[in-house]
Chemist: 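The structure follows.
In the text below, chain A, chain B and the rest are named by the order of the sequence lines, each starting its count at 1. This one's a predicted model, so the numbers in the text were calculated from it and none came from an experiment.
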Number of protein chains: 2
Amino acid sequence: MATIQDVARDAGVSTATVSRVLSAPELVAEATRARVTASVERLGYQPNFAAKSLRTLKTEKILVTVPDISNPFFSQVIRGVEEAARTAGYSVLLGDTRHEADREEEYAAMLLRREADGLIFLGHRLPEALAPMVAARGVRTPIVNGCEYSSELGVSGAHIDNARASAEAMEHLYGLGHRRVGVITGPLASPLSRDRLEGVRASAQAHGQAAGLAVVAGDFSIDSGLREATALLAADRPSAIFCFSDEMAMGALEAIRRAGLSCPEDVSLVGFDDIRFAEFLNPPLTTVSQPMDRIGHEVVRLLLDILSGKAQALEHVTLPHRLVVRGSTAPPAAA
Amino acid sequence: MATIQDVARDAGVSTATVSRVLSAPELVAEATRARVTASVERLGYQPNFAAKSLRTLKTEKILVTVPDISNPFFSQVIRGVEEAARTAGYSVLLGDTRHEADREEEYAAMLLRREADGLIFLGHRLPEALAPMVAARGVRTPIVNGCEYSSELGVSGAHIDNARASAEAMEHLYGLGHRRVGVITGPLASPLSRDRLEGVRASAQAHGQAAGLAVVAGDFSIDSGLREATALLAADRPSAIFCFSDEMAMGALEAIRRAGLSCPEDVSLVGFDDIRFAEFLNPPLTTVSQPMDRIGHEVVRLLLDILSGKAQALEHVTLPHRLVVRGSTAPPAAA
DNA sequence: CCTCTCGATGTAATCGAATTCATCCGTAGC
DNA sequence: GCTACGGATGAATTCGATTACATCGAGAGG
């Protein structure tokens, strides 16, 4: 592998000149520049990244941690992140934490070691290892959250208005005439789930249907949707079920089938996220659409603003959601 | 951020000793070690990664490029890669190439700049920029392919026996009594698609049904499945459709519905991959199951063998596939 | 004709850790 | 009691680039 020294020797100039040709060509005379460029080509020179990084204290990398990369919702967000990062000349270091605090901490350490310039985390927990950093650098801490909103995190973030979004989903069900509604939330440790549940409760209250709510907690997985929906159907059967993720809704759909019922005739179903498979389910799933790509783009923008020193205060970006009504919801049969 | 110098000063030793405490503690006397460890704790010292990397010429990073991260098949493979990499102390740099050669080349350059120790690519094209590297270093080139098999790539890889797998899918359909079968392949630029098509043709030939094949090319996306299946159904309608990906099968399922037909009564459907949503479709999808996790683990192992100098020759790992028969296939109605 | 300025280039310090080689000291062996 | 050896540690080099500062020469201005 050729080094800058090799190029310098080959072109008969100093390493400083070679470096200039590559990063500030306007400082170098035309003829010299051509000679150096030729040498670079001939030797196939590529600047050693570690050396550059050591000198500049930049890595041009963004660390992204996600609870589960194989979840289509997250992988869509990551796609957005990757795209925005790449456009800005950054690359993406991916960490799949599997919802485990240990792994979150491990990845957090990478930031401390300066293996990345910043961190975007899509979970709800700020790793403990980073607390000192946030305390010390405040608004300038290169850490951004995606999807969750919590003022306690102390970092900027991008997300939808979860309370309002879930309230809208409930409005839709109440509007159709549903009274008894089952709700399968995500883990209540995450503010996101709590916000959505709050929206659900507020809407139920507003319709005088608080008593008709049956709330159970899932973990966003297909399996938990299947399990919890089965339980909901076995008890005092709701005429509609609202799941806090499309994957859980898929599980719920399966539960409805297994119970010998059909959707939406016997039970209406609403999901959350609008992953790309939602519209291809049978029946197509009514769900709250989140702008995954934009969330990805926004968190990157927030982080870049911090890295460039542009950020002056914490910024919480609320992106628009949209209730997409498809075939899985209908008026209740007995109405 | 504390440096090794700070720690050395704080502990009253040289930087060499600090370095030893961290990477080869057995060389340092018990008492000194304790003192240094205490200083490290107190100062919250984390070795600067770029400095270490510059010195050791290692990055402990693996670059993984994938045609589309939001595709559940790939995201499952990546999950496996991430897990295996992490276990071995490596982290994952993710590149989403969107099937574009430009982006592949861009990411390839990262390997040349030594931003990563090795590359795992899940596409079918070896970036041109890396050809010299493969030519120069041969078996020791730290590049591994996942999913595709092609001896021309000149690199090791892990994949299933695609020809055999698709032949088995066809056997299943012929066994049920289907004669006229529509096939939606992936882009034929990829050996993987060609291998599967070859398996399809061989099986058709063996059953004397070569004339009954209707082959069209998709691009693995839901949309292309919908589009191509619609075309297939409009022409001389096949009694079964075999798609080279589950996503295309989802599109095909939608096409069947839109055509006012039902699956499997009117048209049987077989997918490929067995993504986690396949069994929750309605009807549950018959498909060829690929061991995504294992593919991920194997490509990492192959790469680590190369990086550690263990690899002696190109290695092509063939992992087991399995035809999973579910509700989307049945004997043809007219049979 | 001399000085000043500016453009072009080179010299050398620097980033932070790893590591080779040298040094020092204590102890075992004779 | 002297040498040899080995364990513990430090001094200094190295990795490969960036960049502040120095230098040099040519043309402008007086």
Side-chain angles (χ1 to χ4, degrees), chain A residues 1-41 43-61 89 109-117, chain B residues 1-41 43-61 89 109-117:
Chain A
M1 208 84 289
T3 71
I4 199 171
Q5 325 275 352
D6 300 331
V7 176
R9 203 176 313 122
D10 188 77
V13 298
S14 72
T15 62
T17 300
V18 176
S19 180
R20 281 188 207 108
V21 168
L22 267 45
S23 50
E26 70 280 4
L27 295 179
V28 180
E30 179 58 39
T32 318
R33 200 190 312 163
R35 201 146 34 89
V36 171
T37 307
S39 294
V40 166
E41 288 294 326
L43 300 177
Y45 169 70
Q46 295 277 144
N48 177 303
F49 173 77
K52 170 190 269 184
S53 175
L54 174 58
R55 193 58 231 264
T56 61
L57 297 179
K58 285 180 187 166
T59 64
E60 281 158 0
K61 287 182 180 49
M110 290 180 66
L111 192 60
L112 297 177
R113 266 179 262 127
R114 297 193 178 289
E115 292 195 53
D117 294 338
Chain B
M1 207 84 289
T3 71
I4 199 171
Q5 325 275 351
D6 300 330
V7 177
R9 203 175 315 120
D10 187 78
V13 298
S14 71
T15 62
T17 300
V18 176
S19 179
R20 280 187 207 108
V21 168
L22 268 46
S23 51
E26 72 279 4
L27 294 180
V28 180
E30 178 60 36
T32 317
R33 200 189 310 162
R35 203 145 33 90
V36 171
T37 308
S39 294
V40 166
E41 289 295 326
L43 301 177
Y45 169 70
Q46 295 275 145
N48 177 302
F49 173 77
K52 171 190 268 184
S53 178
L54 174 57
R55 190 60 230 266
T56 61
L57 297 179
K58 284 180 188 168
T59 65
E60 282 157 0
K61 286 181 181 47
M110 290 181 65
L111 190 60
L112 296 177
R113 269 180 260 127
R114 298 194 179 286
E115 291 195 55
D117 294 339

Chemist: Supply the atom-to-atom distance Arg114(A) CZ to Leu54(A) CG, rounded to the nearest 0.5 angstrom.
Modeler: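 It comes to 11.0 Å.
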Chemist: Could you tell me the separation between the CG atom of Asp6(A) and the C1' atom of dA17(D), rounded to a whole number of Å?
Modeler: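 For the pair Asp6(A) CG and dA17(D) C1', the rounded distance is 13 Å.
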Chemist: In Å, rounded to the nearest 0.5 Å, how long is the span from NZ of Lys61(A) to CZ of Phe49(A)?
Modeler: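 Answer rounded to 0.5 Å: 3.5 Å.
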Chemist: Return all side-chain donor-acceptor pairs below 3.5 angstrom for residues 10-17 of chain B, not counting sequence neighbours, or 'none' if the list is empty.
Modeler:
| from | atom 1 | to | atom 2 | distance (Å) |
| --- | --- | --- | --- | --- |
| Asp10(B) | OD2 | Ser39(B) | OG | 2.6 |
| Asp10(B) | OD2 | Arg42(B) | NH2 | 3.4 |
| Ser14(B) | OG | Ala16(B) | N | 3.4 |
| Ser14(B) | OG | Thr17(B) | N | 3.4 |
| Ser14(B) | OG | Thr17(B) | OG1 | 3.4 |

Chemist: Please round to the nearest 0.5 Å and tell me the distance separating atom OG of Ser53(A) and atom CG of Asn48(B).
Modeler: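 Taking OG in Ser53(A) and CG in Asn48(B), the distance rounds to 7.0 Å.
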Chemist: dG7(C) C1' sits how many Å from Glu30(A) CD, rounded?
Modeler: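 Glu30(A) atom CD is separated from dG7(C) atom C1' by 15 Å.
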Chemist: N/O contacts under 3.5 Å, protein versus nucleotides 16-23 of chain C?
Modeler:
| from | atom 1 | to | atom 2 | distance (Å) |
| --- | --- | --- | --- | --- |
| dG16(C) | N2 | Ala51(B) | O | 3.4 |
| dA17(C) | OP1 | Tyr45(B) | OH | 2.8 |
| dA17(C) | OP1 | Asn48(B) | N | 3.0 |
| dA17(C) | OP2 | Ile4(B) | N | 2.2 |
| dA17(C) | O5' | Tyr45(B) | OH | 3.0 |
| dA18(C) | OP2 | Ser19(B) | OG | 2.8 |
| dA18(C) | N3 | Arg55(B) | NH1 | 2.2 |
| dT19(C) | O4' | Arg55(B) | NH1 | 3.4 |

Chemist: Whole angstroms only, please: what is the CD-P distance between Glu26(A) and dT9(C)?
Modeler: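 Between P of dT9(C) and CD of Glu26(A): 13 Å.
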Chemist: Base, sugar-phosphate or nothing for Ser53(B)? Non-hydrogen atoms, less than 4.0 Å.
Modeler: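 Nothing, no heavy atom under 4.0 Å.
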Chemist: I need the NZ-C1' distance between Lys58(A) and dA17(D), as an integer number of Å.
Modeler: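 In whole Å, dA17(D) C1' and Lys58(A) NZ are 15 Å from each other.
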Chemist: Could you walk me through whether Asp117(A) and Lys58(A) pass the side-chain contact (heavy atoms from CB on, under 4.5 Å) check?
Modeler: CA-CA 6 Å; Asp117(A) 294 338; Lys58(A) 285 180 187 166; 4.2 Å; yes
Chemist: Can you measure Glu115(B) atom CD to dG16(D) atom P for me and round it to whole angstrom units?
Modeler: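 To the nearest whole Å, that distance equals 16 Å.
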Chemist: I need the Glu60(A) CD to Arg113(B) CZ distance, nearest 0.5 Å.
Modeler: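 Glu60(A) atom CD to Arg113(B) atom CZ measures 8.5 Å (nearest 0.5 Å).
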